[in-house]
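Below is one structure, written out as structure tokens; comments come after it.
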Protein chains: 2
Amino acid sequence: MLAKQKELIVQLLRSSKLSITDTRVKILELFLKSNGALEHADFEKLSGKSFDRVTIYRTLQTFLDKGIVHKIPTTDTSVRYAICKSDCGEHDHHDHHVHFRCEECGSTRCLEETDIPVISLPKGYDAHNVEVVVSGVCKECK
Amino acid sequence: MLAKQKELIVQLLRSSKLSITDTRVKILELFLKSNGALEHADFEKLSGKSFDRVTIYRTLQTFLDKGIVHKIPTTDTSVRYAICKSDCGEHDHHDHHVHFRCEECGSTRCLEETDIPVISLPKGYDAHNVEVVVSGVCKECK
DNA sequence: GATGTTTATGCAACATTGTTGCAATTTTAT
DNA sequence: ATAAAATTGCAACAATGTTGCATAAACATC
Ligand SMILES: [Mn+2]
Ligand SMILES: [Mn+2]
Ligand SMILES: [Zn+2]
Ligand SMILES: [Zn+2]
């Protein structure tokens with residue numbers, strides 16, 4: 001791993017008041033390396049089975065709590081996580097972008113530049129959050 | 001069960017070229033009765049444990065294949081299903097509506113009148129399907 | 001309504017995914 | 001270097017989903 005990236009990761013953990021551990025550094029490294037969302041099984045594979053499953057679950061939950069990563073909805077039982085590129089904090093997330101799932105390569109990406117549209121709901125409904133997931137064929141697969 | 005509803009369900013199964021079985025009738029009955037999306041565990045509870053888990057999985061998959069139900073994306077591992085109110089067929093679904101998840105009562109509903117907005121993606125991306133899930137507080141819970 | 005054929009179901013066995021308690025280890029603060 | 005606090009790995013468990021196969025139910029034909 002590059003020293004620069006390591007420094008970046010350490011800063012990220014420190015600013016979230018998390019202690020610097022091998023698992024956390026490795027998982028953040030995998031997020032930065034990948035160009036899309038990752039799911040639990042990916043970490044077990046990509047990390048070379050060096051970490052316990054439970055630790056990975058707990059680490060992802062911690063990152064969620066701290067606003068370091070966010071989840072992306074799916075229609076199957078998998079849970080997909082992506083790193084927050086905007087500076088989300090523990091109590092305010094502002095990842096208001098569309099997600100894209102490619103039917104060819106299976107990758108899921110954050111489209112940072114594509115904003116979530118305004119949805120006008122029927123009377124009586126109060127919206128707190130809107131998730132948009134587009135599926136289709138990505139740039140690379142066409 | 002009302003005779004009228006039973007007849008409706010039988011028609012629905014026939015028009016999808018599915019044989020009429022107890023499990024299928026019961027599951028459709030539960031869909032019609034509920035005013036929101038259901039997940040696998042709901043069928044085991046609501047049906048009174050009379051059906052095998054495997055049969056429920058297979059029935060839901062069959063209904064999906066035939067366009068009788070559709071899935072709704074979630075950020076957890078649960079898979080939620082709702083009945084298609086538009087007349088979707090085996091090869092063409094046209095459920096282009098927004099879904100709403102209430103943070104209070106936990107119900108997920110199809111907002112049939114609320115259309116999916118047009119999303120303009122970055123160049124190179126080809127959209128086939130757009131899913132919108134809004135979370136917040138529903139009519140009844142306010 | 002009885003017949004054979006097709007289809008669906010239930011069961012067992014297994015795989016995958018996620019959770020909790022607790023002791024051992026690592027990190028951090030002093 | 002040491003003590004306190006936090007994280008990790010392990011075991012045990014719970015929930016969810018899949019497959020093969022024998023039995024049972026539904027369907028089409030007579
Ligand atoms: Mn994202
Ligand atoms: Mn719907
Ligand atoms: Zn692709
Ligand atoms: Zn509600």
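We name chains A, B, ... by the order of the sequence lines, and we start the count at 1 in each one.
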statement: dist B:Thr75:OG1 -> A:Leu64:CG (nearest 0.5 Å) comes out at 9.0 Å
- request: May I have the distance from B:Asp76 (atom CG) to D:dA15 (atom P), rounded to whole angstrom?
  value: 15 Å
field: Heavy-atom closest contact (A:Lys71 atom, A:Tyr81 atom, distance)
entry: CG-CE2, 4.0 Å
task: Send over the distance from A:Leu60 CG to D:dT8 C1', rounded to a whole Å.
output: 15 Å
task: Sort out for me which residue in A:Phe51, A:Tyr57, A:Phe31 forms a ring-ring contact (aromatic ring centres under 6.0 Å, His included) with A:Phe43.
output: A:Phe31
- prompt: Is a side-chain donor-acceptor pair under 3.5 Å present for B:Arg80 with B:Thr74?
  reply: no
query: Quick one: do B:Arg109 and B:Glu140 make a salt bridge, cutoff under 4.0 Å?
result: yes
message: Using every non-hydrogen atom in the two residues, find where A:Leu38 and A:Leu30 come nearest and quote the distance to one decimal.
response: CD1-O, 3.8 Å
statement: Rounded to whole Å, NZ of B:Lys17 lies from C1' of D:dC27 at a distance of 15 Å
query: Would you say A:Thr21 reaches D:dT8's phosphate, i.e. side-chain N/O to OP1/OP2 under 4.0 Å?
result: yes
Atom-pair distance (CG on B:Asp65; P on C:dA8), nearest Å: 11 Å
Angle of first-five versus last-five pair axes in the helix from C:dG1-D:dC30 to C:dT30-D:dA1, to 10 degrees: 40°
statement: Nearest heavy-atom contact between B:Leu13 and B:Ser19 is CD1-O, 4.4 Å
- request: Would you kindly give the CG-to-P distance between B:Asp22 and D:dC27, to the nearest whole Å?
  value: 11 Å
task: May I have the distance from B:Phe43 (atom CZ) to C:dT9 (atom P), rounded to whole angstrom?
output: 14 Å
- line: Contact string for nucleotides 15-21 of chain C, one letter per nucleotide 5' to 3', B = base within protein heavy-atom range under 4.0 Å, S = sugar-phosphate only, - = neither, reads --BBBBB
message: Using a 4.0 Å heavy-atom cut-off, does B:Thr23 contact any base of the nucleic acid, only the sugar-phosphate backbone, or nothing at all?
response: sugar-phosphate
- prompt: In whole angstroms, how far is the P atom of C:dT26 from the CG atom of A:Leu13?
  reply: 18 Å
- prompt: Which pair of heavy atoms, one from A:Cys138 and one from A:Cys102, lies closest together, and at what distance?
  reply: N-SG, 3.5 Å
- line: Between CD1 of A:Ile20 and C1' of D:dA6 the distance, given in whole Å, is 13 Å
task: Return the minimal non-hydrogen interatomic distance between A:Asp115 and A:Val98, and the atom names on each side.
output: O-CG2, 3.7 Å
query: Given C:dC11, D:dT7, C:dT9, which nucleotide is nearest the side-chain atoms of A:Leu18?
result: D:dT7
